[in-house]
Engineer: 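Quick one: structure below, then a few questions.
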Amino acid sequence: MILSSSIGKKLGMALTGLLLFGFLLAHLSGNFLLLKGDGGATFNAYSEFLVGHPLLIPVEFILLGIFLLHIVLAISVARDNRRARPVGYRVSASVGGRSVSSRTMIYSGLTTLIFVAVHLKTFKYADHAGDSLYGLVVTTFTSELYVGGYAVAMVLLGFHLWHAFQSAFQTLGLHARPRLRGLSIGLCILIAGGFAMIPLAIYLGK
Amino acid sequence: MSAGSQAEAAVSTERRASGMTFTLEIWRQRNADDPGRMVAYEATRVSPDMSFLEMLDLLNEELMRKGEEPFAFDSDCREGICGMCGLVINGVAHGPGTGTTTCQLYMRLFKNGSRIRVEPWRARAFPVVRDLVVDRSAFDRIIQAGGYTSVNTGSAPDANATLISQARAEEAMDSAACIGCGACVASCKNASAMLFVAAKVKHLGVLPQGQPERRQRGVTMLETMQEEGFGNCTNEYECEAVCPKEISTSNIAFLNREYIRNLVSLSSLRPLVTSE
């Protein structure tokens, strides 16, 4: 019932979105271990620690649930919104806060979904019996196509987060736009830039 | 006065009288079933001091003189306080002015000789009745669903019987300034009525008189908003930019807080606001 109401859907999106944001920060801090320059020893130890952890599977299921709920609600909101204006304007102009980021949320979100599928296939569910995860990462990022595609996906993710972060706080009832906007921009540059920089650094340092 | 200077004066008077010229593209639609189309008209001899609606009146009179059918548009007070007028002018609800209704928009804001496109509010919940006139009774039904307070009838209450601080009164007045014109819906890419609902919920919700229904108000008004076919808010803040009363989207944050408070409050008997 809550998730069928207009604000309920938005609250669901805001909360799941912020949790996914937290996941991205945790993932990025793990990825920075790739740059330690110790031949991947720390990164491999970290990855083995996670894989061997008994809570990994339950946490992964929770994460999957959050991700799916975010997507289902996004599609539902987008569908309602499309129905709300069957006949559009001949001329339309933006005078408020609409941005490239805000108007393409559904598309940047869907490309991120495709990226996640490819990403999981490449790293998490890849057959790397003979190699460490670090070895797999370094081998993968010798491909220009993969490094380029990864960077493009991160730019789109950055666009998504640009609108998402401050929007989530407004939905949760915190209207402090200028400050949140600054924080939102800073965090999305950190996340998108951080993720995109790692494959580039590996590619250039090979 | 010499004959020459008389002629000069006549020319400059004629120039003043000739005024501004615009090419208008106006949405024409006979009724709700007609698909409608944009029709171009020339508006001449427009004074820069005319309001947008006066310019449309002038054009309509010209059409009638030529035996053509005038186009329909809404207006009432023509002083920016009733919420009746509302046109999307060059893609912007209420046109290029800030904090103004269409009736308070003056032609001097437009470039002489320019092309001006005029369309009605577009939303599933605001069906076009004819030309530029839309049916906004969906807003009335949202108000009926919760935009009221219960009061005891009888003699008028004593002036200072209910104490309200100046700050609280100002806050309520900022939200109460909403005239229900529907520009927020027209400008929202999702045709959401969230700013309208939020203004009403906050206006009543911060005052003691609004407390008895406060718990249900946000929920019932929102449900009606959805049933009427308005979209969801995606925090793009186009609404506050075109609002003639400059209602802030902080009202929407207030509405969201009301909704959350309703969800998490354990006791339905606990008052939401204590007296000041």
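Heavy-atom basis, side chains included; hydrogens, waters and symmetry copies ignored. In what follows, chains are A, B, ... by sequence order, proteins preceding strands, each numbered from 1.
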Engineer: Mind checking which of residues 92-110 of chain A sit less than 4.5 Å from chain B, heavy atom to heavy atom?
Structural biologist: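 Result: Ser92(A), Ala93(A), Ser94(A), Val95(A), Gly96(A), Gly97(A), Arg98(A), Ser102(A), Arg103(A).
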Engineer: So does Ala186(B) get a backbone contact from the side chain of Tyr89(A), meaning a donor-acceptor N/O pair under 3.5 Å?
Structural biologist: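 Answer holds: yes.
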Engineer: Below 4.5 Å, heavy atoms only, C-beta onward: do Leu174(A) and Arg257(B) meet side chain to side chain?
Structural biologist: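 With C-beta onward as the side chain, the pair stays apart.
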Engineer: Does the side chain of Val87(A) reach to within under 4.5 Å of the side chain of Val128(B), using non-hydrogen atoms?
Structural biologist: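 No. Closest side-chain heavy atoms not under 4.5 Å.
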Engineer: Rounded to the nearest 0.5 Å, what separates atom NZ in Lys10(A) from atom OH in Tyr259(B)?
Structural biologist: 13.5 Å
Engineer: Take atom OH in Tyr150(A); do more than 12 heavy atoms of anything else shown fall under 6.0 Å from it?
Structural biologist: yes
Engineer: Check Gln170(A) against Asn235(B) and note the closest heavy-atom contact, atom names and distance.
Structural biologist: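 Looking at all heavy atoms of both residues, the shortest contact is CG-OD1, 3.3 Å.
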Engineer: Is the backbone N or O of Asn81(A) less than 3.5 Å from a side-chain atom of Asn190(B), with the two atoms forming a donor-acceptor pair by type?
Structural biologist: no
Engineer: I'd like to know if the side chain of His175(A) reaches the main chain of Ile252(B), judged simply by a donor and an acceptor atom lying under 3.5 Å from each other, with no hydrogens or angles considered.
Structural biologist: no
Engineer: Heavy-atom count check: over 12 atoms from other residues, nucleotides or ligands less than 6.0 Å from Arg181(A) CZ?
Structural biologist: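 Counting other residues, nucleotides and ligands, CZ of Arg181(A) stays at 12 neighbours or fewer.
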Engineer: Do you know which of Arg122(B), Arg124(B), Met194(B) has the most heavy-atom pairs under 4.5 Å to chain A?
Structural biologist: Arg122(B)
Engineer: Heavy-atom distance under 4.5 Å to chain A: side chain of Ser248(B), backbone, both or neither?
Structural biologist: side chain
Engineer: Does any backbone or side-chain atom of Pro35(B) lie under 4.5 Å from a heavy atom of chain A? Answer side chain, backbone, both or neither.
Structural biologist: neither
Engineer: I need the minimum non-hydrogen distance between Leu172(A) and Ile260(B), along with the two atoms involved.
Structural biologist: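 Result for this residue pair: O-CD1, 3.6 Å.
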Engineer: Going by salt bridge (charged side-chain N to carboxylate O under 4.0 Å, His left out), name the residues that satisfy it together with Lys202(B), two or more places apart in sequence or in a different chain.
Structural biologist: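 Salt bridge (charged side-chain N to carboxylate O under 4.0 Å, His left out) check on Lys202(B) returns Glu171(B).
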Engineer: With a 4.5 angstrom heavy-atom cut-off, is it the side chain or the backbone of Arg117(B) that approaches chain A, or both, or neither?
Structural biologist: side chain
Engineer: How many angstroms lie between atom OG of Ser5(A) and atom CG of Leu263(B), to the nearest 0.5 angstrom?
Structural biologist: 7.5 Å
Engineer: Among residues 224-233 of chain B, which residues come closer than 4.5 Å to chain A, judged by heavy atom distances?
Structural biologist: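 So far as heavy atoms go, Met225(B), Gln226(B), Gly229(B), Phe230(B), Gly231(B), Asn232(B), Cys233(B) are the residues that approach chain A to under 4.5 Å.
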Engineer: If you check every heavy atom in residues 89-115 of chain B against those of chain A, which residues fall under 4.5 Å?
Structural biologist: Asn90(B), Gly91(B), Val92(B)
Engineer: How about CG on Leu145(A), more than 12 heavy atoms from neighbouring residues, nucleotides or ligands closer than 6.0 Å, or not?
Structural biologist: no
Engineer: Measure from the side-chain N and O atoms of Arg85(A) to the backbone N and O of Cys188(B), and report whether any donor-acceptor pair falls under 3.5 Å.
Structural biologist: yes
